[in-house]
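Each remark here refers to the structure printed beneath this line.
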Amino acid sequence: MVWCCVMPSSGKPPRRPSPTPATIDRAFDALRFGAARTLNLRDGLPTVAQASARIEAWLRQKQAEGGGEVLVITGRGLGSLDGVGRVREAVLARCTQLKRLNVVVAVQEHGPGAVVVTVAPLRALVDAPRLRTGRKTPVPVADPAELAALPADLRAVLREVATLSIIRLGVRSPADSAIADEMRSQFGAITHGITDSPDPVEALRAALRQLLQELQELHDE
């Protein structure tokens with residue numbers, strides 16, 4: 001006969017560790033931003049050059065999706081030789097450049113290892129320079145043959161976007177030649193944010209719809 005000894009249970013559930021301020025902050029960030037609006041540059045340990053290129057491509061993509069606040073996790077640089085966050089410095093420098101290009105509106109510190117970036121709406125990319133100067137700013141434009149190769153629905157939305165953009169500048173009945181020129185300008189500006197997309201046509205379609213919605217809301221105000 002084999003005897004075994006069973007310790008009596010106290011009846012109390014195991015104690016869970018108390019949440020720390022850091023875990024609470026991460027929970028709030030997850031609710032505020034979500035995975036789609038968070039870029040973690042600590043993943044993969046990118047070089048400074050890689051992080052700089054990655055943050056620009058990602059922020060331009062977020063602008064094409066409508067802009068707003070996003071979270072960029074840069075890390076604090078504690079693993080670097082001198083304790084200086086090179087990736088963080090590169091991100092802040094690139095965001096400063098993107099402010100001048102109407103991609104970024106503001107950057108705010110969000111703890112020692114992250115920043116909150118306010119991304120400009122898509123209309124700022126193609127509209128803001130002209131609203132400041134009162135005249136059209138030259139933009140590298142696509143060849144008209146490339147526009148002709150676009151699907152018909154894209155050209156239709158692009159024409160509507162171009163027409164509303166000109167009307168916002170005070171021209172009530174824009175000429176066809178002005179609309180055609182504006183279509184080329186809008187196309188050239190928008191494609192900067194979708195060059196890395198695996199499906200550029202679909203990305204252009206989504207960006208144009210987003211821009212059209214923004215312009216229609218402004219037009220209806």
Side-chain angles (χ1 to χ4, degrees), residues 36-37 39 53-70 94-107 117-221:
R37 302 187 69 78
L39 176 64
R54 187 177 172 190
I55 185 64
E56 177 170 355
W58 190 74
L59 290 177
R60 286 187 179 276
Q61 177 187 342
K62 293 304 158 186
Q63 184 178 42
E65 294 172 0
E69 288 189 338
V70 298
R94 184 55 63 95
C95 285
T96 298
Q97 296 172 354
L98 292 175
K99 278 185 181 180
R100 296 193 290 267
L101 298 175
N102 302 308
V103 176
V104 169
V105 175
V107 180
V117 181
T118 303
V119 182
L122 186 56
R123 64 177 182 272
L125 181 65
V126 295
D127 205 28
R130 288 176 293 161
L131 292 179
R132 286 199 304 267
T133 62
R135 63 180 182 275
K136 187 174 180 179
T137 300
V139 178
V141 299
D143 187 83
E146 294 184 27
L147 291 181
L150 291 175
D153 67 308
L154 283 185
R155 283 186 278 113
V157 177
L158 187 57
R159 174 170 287 275
E160 194 169 355
V161 165
T163 303
L164 283 176
S165 297
I166 297 175
I167 291 175
R168 287 195 64 215
L169 298 177
V171 181
R172 294 187 177 181
S173 301
D176 287 342
S177 58
I179 294 175
D181 186 50
E182 183 67 13
M183 288 174 67
R184 299 186 189 98
S185 296
Q186 296 279 5
F187 178 81
I190 293 173
T191 50
H192 282 293
I194 62 174
T195 52
D196 295 330
S197 173
D199 189 344
V201 173
E202 189 57 37
L204 177 60
R205 180 176 284 108
L208 284 172
R209 288 173 178 169
Q210 174 65 37
L211 179 55
L212 179 59
Q213 179 181 344
E214 293 177 10
L215 292 173
Q216 287 174 334
E217 290 174 352
L218 289 173
H219 185 67
D220 293 339
E221 290 179 354

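One is the number of the first residue; the rest follow in order along the sequence. Please read these numbers as outputs of a predicted model, since none were measured by experiment.
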Subject >> Nearest heavy-atom neighbours spanning Ala120 and Ala124 >> reply: CB-CB, 3.8 Å

**OP:** Specify the closest pair of heavy atoms between Pro151 and Val201, including all atoms of both residues, with the distance to one decimal.
**Re:** CG-CG1, 4.2 Å

**OP:** Side-chain contact test, heavy atoms from C-beta onward, threshold under 4.5 Å: evaluate it for Met183 versus Ile179 and give yes or no.
**Re:** yes

N/O donor to acceptor pairs below 3.5 angstrom from side-chain atoms of residues 154-162, sequence neighbours left out:
residue, atom, partner, partner atom, Å
Arg155, NE, Leu150, O, 3.0
Glu160, OE2, Gln216, NE2, 3.3

Original post:
If you look at every heavy atom in Glu214 and Pro121, which pair is closest and at what distance?
Top reply: OE1-CB, 3.5 Å

Original post:
What is the minimum heavy-atom distance between Val107 and Cys95, and which atoms define it?
Top reply: CG2-CB, 3.6 Å

Subject >> Close side-chain approach of Val70 to Leu39, heavy-atom, < 4.5 Å >> reply: no

Subject >> Over all atoms of both residues, closest heavy-atom pair of Ser165 and Gln186 >> reply: OG-NE2, 2.7 Å

Subject >> CG on Leu122 to CD on Gln63, rounded to 0.5 Å >> reply: 5.5 Å

Original post:
What pairs with Asp153 under salt bridge (charged side-chain N to carboxylate O under 4.0 Å, His left out), at least two apart in sequence or on another chain?
Top reply: Arg205

Original post:
What pair of heavy atoms forms the shortest contact from Pro174 to Thr163, and how long is it?
Top reply: CG-CG2, 4.2 Å

**OP:** Evaluate the side-chain proximity of Arg94 to Leu59: yes if any heavy-atom separation is below 4.5 Å, no if none is.
**Re:** no

**OP:** Only counting residues at least two apart or in another chain, list the ones meeting side chain to side chain contact (heavy atoms under 4.5 Å, CB included) with Thr118.
**Re:** Glu69, Val105, Ala106

Original post:
From Gln213 CD over to Leu208 CG, what is the distance, rounded to the nearest 0.5 angstrom?
Top reply: 13.0 Å

Subject >> Step-by-step side chain to side chain contact (heavy atoms under 4.5 Å, CB included) determination, Arg60 to Leu98 >> reply: CA-CA 9 Å; Arg60 286 187 179 276; Leu98 292 175; 4.1 Å; yes

